[in-house]
Amino acid sequence: MNAQEPDFIHTTRASYDAMASDYAAHLPDALATRPLDRALVTAFGDLVRANGPAPVADLGCGHGHVTARLHDLGVPVFGVDVSPRMVALARRTHPELRFHVGTMTALDLPPETLGGIAALYSITHVPEEHLTTVFAEFHRVLAPGGHALVAFETGDDDEVRVTERFGHEMALDHYFHAPDTIMAHLMKAGLSVHARTFLEPDADGTRQRAFLLARKQGDGD
Ligand SMILES: C[S@@+](CC[C@H](N)C(=O)[O-])C[C@H]1O[C@@H](n2cnc3c(N)ncnc32)[C@H](O)[C@@H]1O
């Protein structure tokens with residue numbers, strides 16, 4: 001553990017490391033069974049491809065199924081995840097793609113190099129007081145005109161601690177951010193939100209989900 005690392009990063013990594021194989025086996029490709037999510041990821045792929053060949057980062061990529069979907073759409077994409085075991089699984093499942101261990105709170109990427117950022121269901125593990133850092137990082141690494149797709153289960157900025165999953169003990173916090181909270185953070189970071197889509201709760205207990213599409217101002221804007 002890095003001495004300067006906040007506790008939530010450490011506990012998130014430990015939790016996903018513990019359950020990596022079970023998580024991937026349980027949810028191998030959520031996009032395959034969620035046509036609306038798939039459509040939004042496809043629209044994001046179209047937007048970034050229209051902007052040019054700059055790479056796209058899938059932040060909190062898990063076992064890499066969204067990364068692979070974007071790759072299949074012709075997007076030059078790589079994945080980043082805080083859990084080394086999730087990254088190992090992603091590399092094993094998709095050996096043709098690049099995956100790195102890293103955290104969206106301090107991206108090991110040069111400024112203004114990405115054509116897009118996909119972050120699906122990963123900010124759920126970031127407490128609100130760290131969102132300013134996360135979205136400042138998004139803004140720093142996006143090239144002018146770059147797009148961000150941020151998806152999350154919504155709430156009233158409430159939080160739930162999961163202490164067990166797939167038989168593994170953990171202390172994994174889920175932060176159910178309010179859409180207005182995320183909108184405000186994106187705008188504060190200098191990103192403009194140009195689409196908001198809400199998918200209503202599923203019968204399986206999944207909460208309402210929000211997909212926000214944001215963009216960094218382009219040179220020609
Ligand atoms: C709920 S899973 C979602 C995985 C994938 N994006 C998907 O849609 O299926 C959340 C993932 O985000 C990763 N994650 C959480 N916090 C992160 C952070 N600060 N930086 C990078 N990855 C993070 C976790 O390790 C986990 O793999």
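The first residue of the sequence shown is numbered 1, and numbering continues consecutively from there.
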>> According to a hydrophobic-cluster definition based on side-chain heavy atoms being under 4.5 Å apart (Ile, Leu, Val, Met, Phe, Trp, Tyr only), do Phe44 and Leu73 belong together?
In response: yes

>> Using side-chain heavy atoms (C-beta onward) and a distance below 4.5 Å, is Thr206 in contact with Arg34?
In response: yes

> Which class fits the ring pair His174 and Phe176: parallel under 30°, tilted 30 to 60°, perpendicular over 60°?
Replying inline: parallel

> Does Tyr175 offer a backbone N or O that forms a donor-acceptor pair with the side chain of His125 under 3.5 Å?
Replying inline: no

>> Do Ile123 and Val141 land in one hydrophobic cluster if side-chain heavy atoms of ILVMFWY residues count as linked below 4.5 Å?
In response: yes

>> Using a 6.0 Å cut-off, check whether atom CG of Asp156 has over 12 heavy atoms from anything other than its own residue.
In response: no

> Do any pairs count as a side-chain hydrogen bond (donor to acceptor under 3.5 Å, both in side chains) and have a residue in residues 93-110, sequence neighbours left out, and if so which ones?
Replying inline: Arg98-His100, Thr103-Thr105

> Roughly how far, to the nearest 0.5 Å, is the CZ atom of Phe135 from the CG atom of Leu142?
Replying inline: 11.5 Å

> Counting N and O atoms only, with roles assigned by atom type, does the side chain of Lys216 sit under 3.5 Å from a partner on the main chain of Gly146, one being a donor and the other an acceptor?
Replying inline: no

> Parallel, tilted or perpendicular for His177 and Phe152, by the 30°/60° rule?
Replying inline: perpendicular

> Do Glu153 side-chain atoms and Arg207 backbone N/O form a donor-acceptor pair below 3.5 Å?
Replying inline: yes

>> Please report the interatomic distance NE2(His185) to CG(Leu131), rounded to the nearest 0.5 Å.
In response: 4.5 Å

> Do Val56 and Ile117 share a hydrophobic cluster (ILVMFWY, side-chain heavy atoms under 4.5 Å, transitive)?
Replying inline: no

>> Test of understanding: clusters of I, L, V, M, F, W, Y form through side-chain heavy atoms closer than 4.5 Å, transitively. Do Val82 and Val87 belong to the same one?
In response: no

> What distance separates Leu40 CG from Phe211 CZ, expressed to the nearest 0.5 Å?
Replying inline: 5.5 Å

> After noting the C-alpha distance and the side-chain angles of Leu36 and Thr197, does the key distance pass the side-chain contact (heavy atoms from CB on, under 4.5 Å) rule?
Replying inline: CA-CA 10 Å; Leu36 293 174; Thr197 305; over 6 Å; no

> For Leu107 and Glu137, which heavy atoms make the closest approach, and how far apart are they?
Replying inline: N-OE2, 2.6 Å

>> Quick test of your reading of the model: are Arg69 and Asp29 salt-bridged, counting only N-O distances below 4.0 Å?
In response: yes

> Is the closest side-chain heavy-atom distance between Ser15 and His168 below 4.5 Å?
Replying inline: no

>> What I'd like to find out is whether the side chain of Met170 reaches to under 4.5 Å of the side chain of Thr11, using heavy atoms alone.
In response: no

> Looking at His63 and Pro28, what are the two nearest heavy atoms and their distance?
Replying inline: NE2-O, 3.0 Å

>> Which heavy atom of Phe8 sits nearest to which heavy atom of Val126, and what is that distance?
In response: CE1-CA, 4.0 Å

> Taking only residues at least two apart or on different chains, which pairs with a member in residues 71-86 satisfy side-chain hydrogen bond (donor to acceptor under 3.5 Å, both in side chains)?
Replying inline: Asp17-Ser83

> When clusters are formed by joining ILVMFWY residues with side-chain heavy atoms under 4.5 Å apart, either directly or through shared neighbours, do Val101 and Leu97 land in the same one?
Replying inline: yes

> Got a donor-acceptor contact below 3.5 angstrom from the Arg196 side chain to the Pro179 backbone?
Replying inline: no

> With a 4.5 Å limit on heavy-atom distance, are the side chains of Leu172 and Tyr16 in contact?
Replying inline: yes

> Distance from Glu5 atom CD to His10 atom NE2, nearest 0.5 Å?
Replying inline: 7.5 Å

>> Can you tell me how far apart CE (Met86) and CE (Met19) are? Round to the nearest 0.5 Å.
In response: 7.0 Å

>> For a quick test of reading the model, state the closest non-hydrogen atom pair linking Leu70 to Ala118 and the distance between them.
In response: CD1-CB, 4.2 Å

>> With side-chain hydrogen bond (donor to acceptor under 3.5 Å, both in side chains) as the rule and sequence neighbours excluded, what pairs involving residues 36-61 come up?
In response: Asp37-Tyr121, Asp37-Arg209, Asp46-Arg49, Asp58-Thr67

>> Just verifying a value: how many Å separate Leu186 CG and Arg215 CZ, rounded to the nearest 0.5 Å?
In response: 14.5 Å

>> Going by side chain to side chain contact (heavy atoms under 4.5 Å, CB included), Met183 matches just one of Leu212, Leu191, Val150. Which one?
In response: Leu212

> At their closest point, which heavy atom of Phe99 faces which heavy atom of Gly64, and how far apart are they?
Replying inline: CE2-CA, 3.8 Å

> What are the two closest heavy atoms between Gly115 and Val48, and how far apart are they?
Replying inline: O-CG1, 3.5 Å

